[in-house]
Structures are given as structure tokens and as C-alpha cells.
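Just the heavy atoms: all of them, side chains too, but no hydrogens, waters or symmetry mates, feed the values below.
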Amino acid sequence: MACRDMGKCENAAREVRGKTLNHNVFAKHLDLASTKSIKEFAKNILKEEHHIDVLINNAAVMRCPHWKTEDGFEMQFGVNHLGHFLLTNLLLDRLKESGQSRIINVSSLAHIVGEIDFQDLNWEKKKYDTKAAYCQSKLANVLFTNELAKRLQGKDLTKYNNFV
């Protein structure tokens, strides 16, 4: 399990271990608002894990003020899409090598009303709309998963969009 808040992560990992009796559930630090953290996390996973069965991209921020990530991206787009995009691509070769692996990108039905403004992804030229920014990030998740599925067609790797 990878989380920004290690206290919550340790508690969740402990609960999963208790309910499943699987002691191979570990808590790792990952801040999707930081490309440095994402790269460090991926480097450690690739060093420690020779096989990856599943990657579940489920973290999200929703309807927050106009915050920026550590790298200067609009927070919802940065965390909800770019963070998962980078993490997936950094782990992709290991996922392919592992065979019958899965990538699950959790999105939202909000993607239906999402529009991507490629001229202003960071909301610097227009008034910030927290709902529209969230919908944009969720549409990006869906488009990424669809493109990933096309590129990995015929590979022993399953891709899913999950809408919540």
C-alpha cells in the first residue's frame, strides 16, 4: 500500500493483514503531488519487488482550492492524473515482465462532463472552477487507460477503468 499519510497507511495495512491473514501487506510512503516522491517510490519498488501482480491507481483529491503540486501542476490534475500516469509508466516494464498483471485506474462518472483544456491545464488563464478541474482530471484517467489498453493489446496485461 502506498500513501501520503503513513499513520493512516500503517493502520490500513494492519487492518488488511488482520482480515486476510496475509502478512505480505506493507505500507510505503508515496506523495502523488511530487514527481520526486513518485520516482523514489518506483525505484524502491523495482529494487524490492521482482514481480508485480496488480497496480491500483486509486488516490484522488477532489474539489480542493486552486492548489499546486510540488512541481507546479494544478493539484487535482497533478495528483489524480499525472501522478498515476508517471507511476504506471515507471512500473510498466515490470508489470509486463510479470505476466498476467493488472492495472486498475479508478476514475469517476464525473469524467462524462469533463473537458480537457490543453491550452490551460493548470488553470492559469481562466477563473478556477474546482468541479471542472476535478472532471478534467477524471477524464484524463479514462483517456489514459483507453490509450494504455490500445498500446498493450496482445500483451499479457489487463487494463481496467473503474468508475466510482
Side-chain angles (χ1 to χ4, degrees), residues 1-10 12-13 16 25-49 52-96 98 101-111 113-124 128-152 157-164:
M1 301 181 105
C3 307
R4 180 182 64 236
D5 182 322
M6 286 307 295
K8 290 179 181 178
C9 193
E10 292 287 356
V16 170
V25 177
F26 304 101
K28 305 278 186 182
H29 180 261
L30 172 63
D31 183 355
L32 289 168
S34 165
T35 58
K36 179 181 176 187
S37 176
I38 297 164
K39 290 174 184 175
E40 185 68 24
F41 174 83
K43 182 178 103 179
N44 289 334
I45 289 295
L46 293 172
K47 184 171 66 174
E48 297 167 7
E49 302 296 332
I52 302 174
D53 292 310
V54 63
L55 173 62
I56 303 172
N57 291 315
N58 186 37
V61 292
M62 180 179 181
R63 310 278 309 250
C64 61
H66 193 197
W67 294 334
K68 299 279 185 172
T69 67
E70 180 179 289
D71 303 289
F73 301 111
E74 185 273 323
M75 184 65 74
Q76 295 182 99
F77 194 73
V79 169
N80 300 353
H81 172 62
L82 296 175
H84 293 138
F85 177 87
L86 178 58
L87 180 62
T88 300
N89 279 287
L90 291 173
L91 298 178
L92 192 55
D93 285 342
R94 181 64 45 87
L95 284 155
K96 288 192 280 190
S98 297
S101 294
R102 292 178 187 87
I103 300 171
I104 301 170
N105 291 323
V106 178
S107 190
S108 162
L109 289 176
H111 82 277
V113 295
E115 295 179 13
I116 297 182
D117 182 352
F118 290 102
Q119 304 308 310
D120 192 18
L121 289 173
N122 286 319
W123 294 83
E124 295 167 337
Y128 187 68
D129 180 333
T130 186
K131 180 182 175 188
Y134 178 76
C135 294
Q136 172 180 259
S137 73
K138 293 294 144 181
L139 176 56
N141 290 154
V142 172
L143 296 174
F144 169 54
T145 306
N146 291 344
E147 182 60 27
L148 191 61
K150 286 179 195 171
R151 292 180 184 217
L152 297 175
L157 184 61
T158 307
K159 296 70 56 189
Y160 298 99
N161 262 321
N162 184 26
F163 305 109
V164 290

J.: Got a sec, which residues hit side-chain hydrogen bond (donor to acceptor under 3.5 Å, both in side chains) with E147, two or more places apart in sequence or on another chain?
T.: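 E147 satisfies side-chain hydrogen bond (donor to acceptor under 3.5 Å, both in side chains) with R151 once adjacent residues are dropped.
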J.: Taking the side chain as every heavy atom from C-beta outward, state whether T130 and Y134 have any atom pair closer than 4.5 Å.
T.: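 The answer is no; the side chains never approach within 4.5 Å.
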J.: Using 0.5 Å steps for rounding, measure from the NZ atom of K138 to the CG atom of L143.
T.: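 So the NZ of K138 and the CG of L143 are separated by 12.5 Å.
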J.: Search all heavy atoms of D71 against all heavy atoms of A33 and return the closest pair with its distance.
T.: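 Scanning both residues, the minimum pair turns out to be OD2-O, 4.0 Å.
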J.: Nearest 0.5 Å, please: how far is NZ in K131 from CE in M62?
T.: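 M62 CE to K131 NZ: 9.0 Å, rounded to 0.5 Å.
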J.: Do the side chains of N57 and N141 get nearer than 4.5 Å, heavy atoms only?
T.: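 In short, these two side chains do not touch, never coming nearer than 4.5 Å.
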J.: Of all residues at least two apart in sequence or in a different chain, which pass the side-chain hydrogen bond (donor to acceptor under 3.5 Å, both in side chains) check with S34?
T.: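 Residues passing side-chain hydrogen bond (donor to acceptor under 3.5 Å, both in side chains) with S34: E70.
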J.: Using every non-hydrogen atom in the two residues, find where V16 and M1 come nearest and quote the distance to one decimal.
T.: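 That closest heavy-atom pairing would be CG2-CE, 4.2 Å.
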J.: Taking all non-hydrogen atoms of both residues, which atom of I38 and which atom of G83 are closest, and how far apart?
T.: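 I38 and G83 have their closest heavy atoms at CD1-CA, 3.6 Å.
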J.: Quick one: does L90's side chain get under 4.5 Å of K39's, heavy atoms only?
T.: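 Sidechains of K39 and L90: in contact.
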J.: Suppose the criterion is side chain to side chain donor-acceptor pair (under 3.5 Å): which pairs have a residue in residues 60-69, not counting sequence neighbours?
T.: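 Qualifying pairs, neighbours excluded: K68-E124.
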J.: Which distance, rounded to the nearest 0.5 Å, do you find between the NE2 of H84 and the CD1 of I103?
T.: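 With rounding to 0.5 Å, NE2 (H84) is 12.0 Å from CD1 (I103).
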J.: To the nearest 0.5 Å, how far apart are CD1 in I52 and NZ in K96?
T.: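 If I round to the nearest 0.5 Å, the distance is 12.5 Å.
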J.: Going by atom types alone, do D31 and S37 pair a side-chain donor with an acceptor below 3.5 Å?
T.: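 Their side chains do not contain a donor-acceptor pair, so the 3.5 Å distance test is not met.
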J.: Taking the side chain as everything from C-beta on, heavy atoms only, tell me whether F77 gets closer than 4.5 Å to N122.
T.: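 No, side chains not in contact.
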J.: Taking the side chain as every heavy atom from C-beta outward, state whether R102 and I56 have any pair of such atoms under 4.5 Å apart.
T.: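 In short, these two side chains do not touch, never coming nearer than 4.5 Å.
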J.: Can you check whether W123 reaches D129 side chain to side chain, under 4.5 Å on heavy atoms?
T.: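 Sidechains of D129 and W123: in contact.
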J.: Measuring only between side-chain heavy atoms, which start at C-beta, is F144 closer than 4.5 Å to N89?
T.: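 Contact flag for F144/N89 side chains = yes.
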J.: I'd like to check K28 versus N44 (side-chain heavy atoms, cut-off strictly below 4.5 Å). Are they in contact?
T.: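 The answer is no; the side chains never approach within 4.5 Å.
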J.: Nearest 0.5 Å please: distance from the CZ atom of F41 over to the CG atom of L91.
T.: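 It is 7.0 Å, given to the nearest 0.5 Å.
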J.: Within a 6.0 Å radius of atom CD on E48, are there more than 12 heavy atoms belonging to other residues, nucleotides or ligands?
T.: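 Enclosed: over 12 neighbouring heavy atoms sit under 6.0 Å from CD of E48.
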J.: Look up atom OG1 in T88 and atom CG in L55, then write down how far apart they are to the nearest 0.5 Å.
T.: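 Output value for this atom pair is 4.5 Å.
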J.: So with a 6.0 Å cut-off around CZ of R94, is the heavy-atom count from everything else above 12?
T.: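 Yes, the 6.0 Å shell around CZ holds more than 12 heavy atoms from other groups.
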J.: Picking from S137, S107, S108, what satisfies side-chain hydrogen bond (donor to acceptor under 3.5 Å, both in side chains) with N80?
T.: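 So, applying the side-chain hydrogen bond (donor to acceptor under 3.5 Å, both in side chains) to N80 and each of S137, S107, S108, only S137 qualifies.
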